[in-house]
There are 2 protein chains.
Amino acid sequence: MFLSTTINGVDAKGRVSVPAGFRAVVKNDPEEKIYVWPSFEGGYLEGGGQALLDRYLALLEEMDPYDDARAAFEQTIFGDTRGLAFDGTGRVTLPKDLIELAGLDGKAAFVGLGSRFEIWNPERLAERKANARSFARDNKKSLKLPPRPGGGA
Amino acid sequence: MFLSTTINGVDAKGRVSVPAGFRAVVKNDPEEKIYVWPSFEGGYLEGGGQALLDRYLALLEEMDPYDDARAAFEQTIFGDTRGLAFDGTGRVTLPKDLIELAGLDGKAAFVGLGSRFEIWNPERLAERKANARSFARDNKKSLKLPPRPGGGA
DNA sequence: TTGTTTCCCACGAAATCCCATGTTATCCCA
DNA sequence: TGGGATAACATGGGATTTCGTGGGAAACAA
């Protein structure tokens, strides 16, 4: 699982260290890569491992072939997704257009969200975080724990 | 299950012994870790094992992908959660920001709450405990035991 | 060439591992 | 039932490894 938030530097070449914990998640994928694309909302990037893409693919194939939404998702998700390989020290090179799109200016915040992650300009992230946090506090009652899956401890 | 309250020392490196009973709970998880994040209310930490995170993840994935609440919870729960591994003697290292957030000053109280636990500055905990106690006394009528589930103990 | 991308090596800071020790709880046997 | 032996737990400090970062050389493309 992708967890926690880490801020790493983006150098002049567009290179950024992927947090070690994130690398561990995709460690055993056939292609050891992360996949990154622009978010729908704009202003930041989304990403994940092979497993996430597989799930999106399966989801799309259940949709009607002539559904407009399907085409739109296919375009957006797969059309704009880049597969990024690690260099010897665990960095990836972010394409320039993605760096601009996310407004990454020397720093990038990796935010783990379980099955996927986001990449933010740290200042933009701080704004959204403040909002999310107060929203979550005000609505936490709506987040109920489901029964335990296996019944185990 | 995480049970009872234990106070252990936090050393200069941020290391703290996880109570042996808590360690036993996550003993057979694939990743032998505990997961810790700031509480919504602030001022203390919450934590649990892999099982708890899985439950949150499953819960969130049932929500609408574009529900604001979902995004807020994802961000707040997973974005701020740290996975902490044990050293050879059963300690974890708490990140500095979490130590500050909880006001841990040399001591940390682990409070077992069944499926999860909390980590408190012992003095703050004593305050809250006093409040909780009087609240419980004033509201004890609302605490009814449910019928026994399957007839089991 | 000229610009871009990939690979490789080097360094400092920080997190992690390892060994030693005090203390408390548990066990066993007289 | 007491008392000593044994094991489990919590703690402290030093050594080692990992991680993130910077720069340059080699391969590639235009």
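Keep in mind it's a predicted model, so treat the numbers as computed, not measured.
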*Please give, in whole Å, the distance from dT11(D) C1' to Phe86(B) CZ?*
17 Å
*Lys/Arg cation over aromatic Tyr44(B): Arg128(B), 6.0 Å, 45° cone*: yes
*Compare side-chain N and O positions of Arg23(B) against OP1 and OP2 of dA10(D) and report whether any pair is under 4.0 Å apart.*
yes
*Which of residues 5-16 of chain A have a heavy atom under 4.0 Å from DNA chain D?*
Asn8(A), Gly9(A), Lys13(A), Arg15(A)
*Looking at every strand, decide which applies to Val18(B) at a 4.0 Å heavy-atom threshold: base, sugar-phosphate, or nothing.*
sugar-phosphate
*Could you give the CG-to-C1' distance, from Leu94(B) to dA14(C), as a whole number of Å?*
16 Å
_Per Ser17(A) side chain, nearest of listed nucleotides dT5(C), dT21(D), dA20(C)_ = dT21(D)
*Anything under 30° is parallel, anything over 60° is perpendicular, the rest tilted; go ahead and classify Phe117(A) against Phe22(A).*
tilted
_Would you say that Thr76(B) contacts Pro38(B) through its side chain, given a criterion of any heavy-atom pair below 4.5 Å between the two side chains?_
no
*Atom-to-atom span, NZ of Lys107(B) to P of dA10(D) - whole angstrom*: 12 Å
*asked:* By nearest heavy atom, map Lys96(A) and Thr89(A) onto DNA chain C; which one lands nearer the 5' end?
replied: Lys96(A)
*Decide if atom CG of Asp68(A) counts as having more than 12 heavy atoms of other residues, nucleotides or ligands within a radius under 6.0 Å.*
no
*Over how many whole Å does the gap from Asp87(B) atom CG to dG13(D) atom C1' extend?*
13 Å
*Within this structure, what is the CD1-to-C1' distance between Ile99(B) and dA15(C), rounded to whole angstrom?*
13 Å
*Salt-bridge present (Asp87(B), Lys13(B); N to O < 4.0 Å)*: no
*Got a sec, which pairs hit salt bridge (charged side-chain N to carboxylate O under 4.0 Å, His left out) with one end in residues 53-62 of chain A, sequence neighbours left out?*
Arg55(A)-Glu61(B)
_If the test is side chain to side chain donor-acceptor pair (under 3.5 Å), which one of Glu46(B), Gln50(B), Arg82(B) qualifies with Tyr35(B)?_
Gln50(B)
_Do Thr5(B) and Leu125(B) make a side-chain contact, defined as non-hydrogen atoms from C-beta onward lying under 4.5 Å apart?_
yes
*asked:* I need the CZ-C1' distance between Arg91(A) and dG24(D), as an integer number of Å.
replied: 12 Å
*What is the distance from atom CD1 of Ile99(B) to atom CD1 of Ile119(B), rounded to the nearest 0.5 Å?*
10.0 Å
*Please list, by residue number, the residues of residues 109-125 of chain A whose heavy atoms come closer than 4.0 Å to an atom of DNA chain D; answer none if no residue qualifies.*
none
_Separation of dT18(D) P from Phe22(A) CZ (nearest whole Å)_ = 21 Å
